[in-house]
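Report on the following structure.
As a basis for the values below, the full set of heavy atoms in this structure was taken, side chains included, without hydrogen atoms, waters or symmetry mates. Treat the numbers as computed from the prediction; the structure is a model and nothing was measured. The chain is numbered in sequence order, starting from 1.
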Amino acid sequence: MNVADLKIKNLVEYKNQIYTITEIFQSLKQAYFVKIENDSQSFSVPADSIKPIQITEEWLEKLGFSRTYSSDQRIRYERPETFIKYDIDLSSRKILEGLKIYGNSIKCKYIHEFQNIFSCLFGKEPSLHYGYLETK
């Protein structure tokens with residue numbers, strides 16, 4: 001992953017497990033590393049060895065979205081904030097898929113991207129609470 005896209009508290013995947021980034025640092029040899037942790041482990045790995053987590057319907061629900069519309073062409077999820085929606089385009093072209101904020105489409109395929117956007121919108125870092133993100 002590109003380290004410039006990462007922030008502290010982003011959720012990422014490493015060796016098929018989900019971790020939270022707790023630190024981002026650069027070694028003396030100019031390589032970037034991230035410290036990641038979950039409930040049972042905490043360690044540092046090269047930033048390019050972690051993977052983004054793709055947004056799925058299951059993840060949308062964990063992120064506080066609820067399914068509000070479903071058709072043969074599209075599935076829509078919405079958060080309690082009326083201006084945040086996520087559309088899943090069921091067509092092969094995927095033109096309508098992605099995050100919608102105030103009606104504007106924003107490229108957002110991964111959990112860390114949503115976390116970063118959410119954080120910017122609310123001016124607060126999202127936190128993981130019992131498997132769900134919420135503002136503090």
Side-chain angles (χ1 to χ4, degrees):
M1 287 182 66
N2 184 351
V3 73
D5 296 335
L6 300 174
K7 289 177 61 174
I8 304 299
K9 297 187 181 179
N10 279 160
L11 296 175
V12 294
E13 182 180 318
Y14 179 72
K15 295 190 177 181
N16 298 318
Q17 291 188 34
I18 305 299
Y19 293 90
T20 301
I21 293 176
T22 59
E23 187 177 345
I24 301 170
F25 59 95
Q26 192 172 17
S27 72
L28 295 175
K29 296 179 182 177
Q30 304 301 312
Y32 282 96
F33 286 80
V34 292
K35 184 174 181 183
I36 56 176
E37 66 180 37
N38 62 16
D39 291 338
S40 60
Q41 301 174 340
S42 177
F43 50 89
S44 297
V45 297
D48 60 5
S49 68
I50 58 175
K51 296 179 183 177
I53 303 167
Q54 182 114 20
I55 291 178
T56 62
E57 289 187 67
E58 179 184 351
W59 272 105
L60 286 170
E61 291 176 3
K62 288 180 181 179
L63 294 169
F65 286 83
S66 298
R67 185 189 280 212
T68 59
Y69 176 80
S70 183
S71 73
D72 293 340
Q73 304 297 317
R74 180 180 65 173
I75 299 171
R76 170 161 282 178
Y77 280 83
E78 297 183 34
R79 279 192 48 93
E81 306 84 8
T82 57
F83 55 89
I84 301 178
K85 300 169 179 26
Y86 196 94
D87 287 338
I88 298 172
D89 189 343
L90 300 175
S91 73
S92 60
R93 297 186 318 179
K94 304 287 185 209
I95 293 172
L96 300 174
E97 186 158 289
L99 187 63
K100 311 284 189 281
I101 299 178
Y102 288 112
N104 297 301
S105 296
I106 299 173
K107 182 183 174 194
C108 182
K109 292 173 47 178
Y110 302 108
I111 300 301
H112 74 281
E113 293 172 334
F114 175 77
Q115 289 178 286
N116 295 347
I117 292 166
F118 191 82
S119 167
C120 289
L121 275 177
F122 292 101
K124 300 176 183 178
E125 291 295 326
S127 62
L128 193 62
H129 182 70
Y130 299 107
Y132 295 89
L133 286 174
E134 58 183 31
T135 57
K136 278 190 172 178

Item to check | Check against side-chain contact (heavy atoms from CB on, under 4.5 Å), Tyr69 and Arg74 | outcome: CA-CA 8 Å; Tyr69 176 80; Arg74 180 180 65 173; 3.8 Å; yes

With a 3.5 Å distance limit and no angle check, can you tell me whether [X] reaches the backbone of [Y] through a side-chain donor-acceptor pair?
X: Lys51; Y: Asp48; answer: no
X: Asn116; Y: Glu113; answer: no
X: Gln26; Y: Gln30; answer: yes
X: Arg79; Y: Leu63; answer: yes
X: Tyr86; Y: Cys108; answer: yes

Does any non-hydrogen side-chain atom of [Y] lie less than 4.5 Å from one of [X]?
X: Ile101; Y: Ile117; result: yes
X: Gln115; Y: Leu11; result: yes
X: Trp59; Y: Tyr110; result: no
X: Val45; Y: Ile50; result: yes

Checklist entry - Between Arg76, Glu78, Lys85, which is the residue that forms a side chain to side chain donor-acceptor pair (under 3.5 Å) with Thr68? => result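 Among Arg76, Glu78, Lys85, the one that satisfies the side chain to side chain donor-acceptor pair (under 3.5 Å) with Thr68 is Glu78.
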
Closest heavy-atom contact between [X] and [Y]?
X: Ile36; Y: Thr22; value: N-OG1, 4.3 Å
X: Asp5; Y: His112; value: O-CD2, 3.5 Å
X: Leu6; Y: Met1; value: CD2-CE, 3.2 Å
X: Gly64; Y: Pro80; value: O-CD, 3.6 Å

Will you find, in the side chains of [X] and [Y], an N or O donor that is under 3.5 Å from an N or O acceptor?
X: Gln41; Y: Tyr19; answer: yes
X: Lys9; Y: Thr20; answer: no
X: Asp89; Y: Gln73; answer: no
X: Tyr77; Y: Glu57; answer: yes

Please round to the nearest 0.5 Å and tell me the distance separating atom [atom1] of [X] and atom [atom2] of [Y].
X: Ser119; Y: Lys7; atom1: OG; atom2: NZ; result: 3.0 Å
X: Ile88; Y: Leu90; atom1: CD1; atom2: CG; result: 7.5 Å
X: Lys107; Y: Glu97; atom1: NZ; atom2: CD; result: 12.0 Å

Item to check | Cluster check Leu121, Ile111: I/L/V/M/F/W/Y, side chain < 4.5 angstrom | outcome: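 Yes.
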
Next on the checklist: Could you check whether Phe114 and Phe65 have their ring centres less than 6.0 Å apart?
Outcome noted: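 Yes, the ring centres sit under 6.0 Å apart.
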
Verify the neighbour count for atom [atom1] of [X]: are there more than 12 heavy atoms of other residues, nucleotides or ligands below 6.0 Å?
X: Tyr102; atom1: OH; value: no
X: Lys35; atom1: NZ; value: no
X: Phe33; atom1: CZ; value: yes
X: Asp39; atom1: CG; value: no

Next on the checklist: The test is side-chain contact (heavy atoms from CB on, under 4.5 Å); show your working for Ile75 and Asp87 and say whether it passes.
Outcome noted: CA-CA 6 Å; Ile75 299 171; Asp87 287 338; over 6 Å; no

Checklist entry - How far apart are the C-alpha atoms of Phe25 and Ser44, what are their side-chain angles, what is the distance that settles it, and do they pass the side-chain contact (heavy atoms from CB on, under 4.5 Å) test? => result CA-CA 10 Å; Phe25 59 95; Ser44 297; 3.7 Å; yes

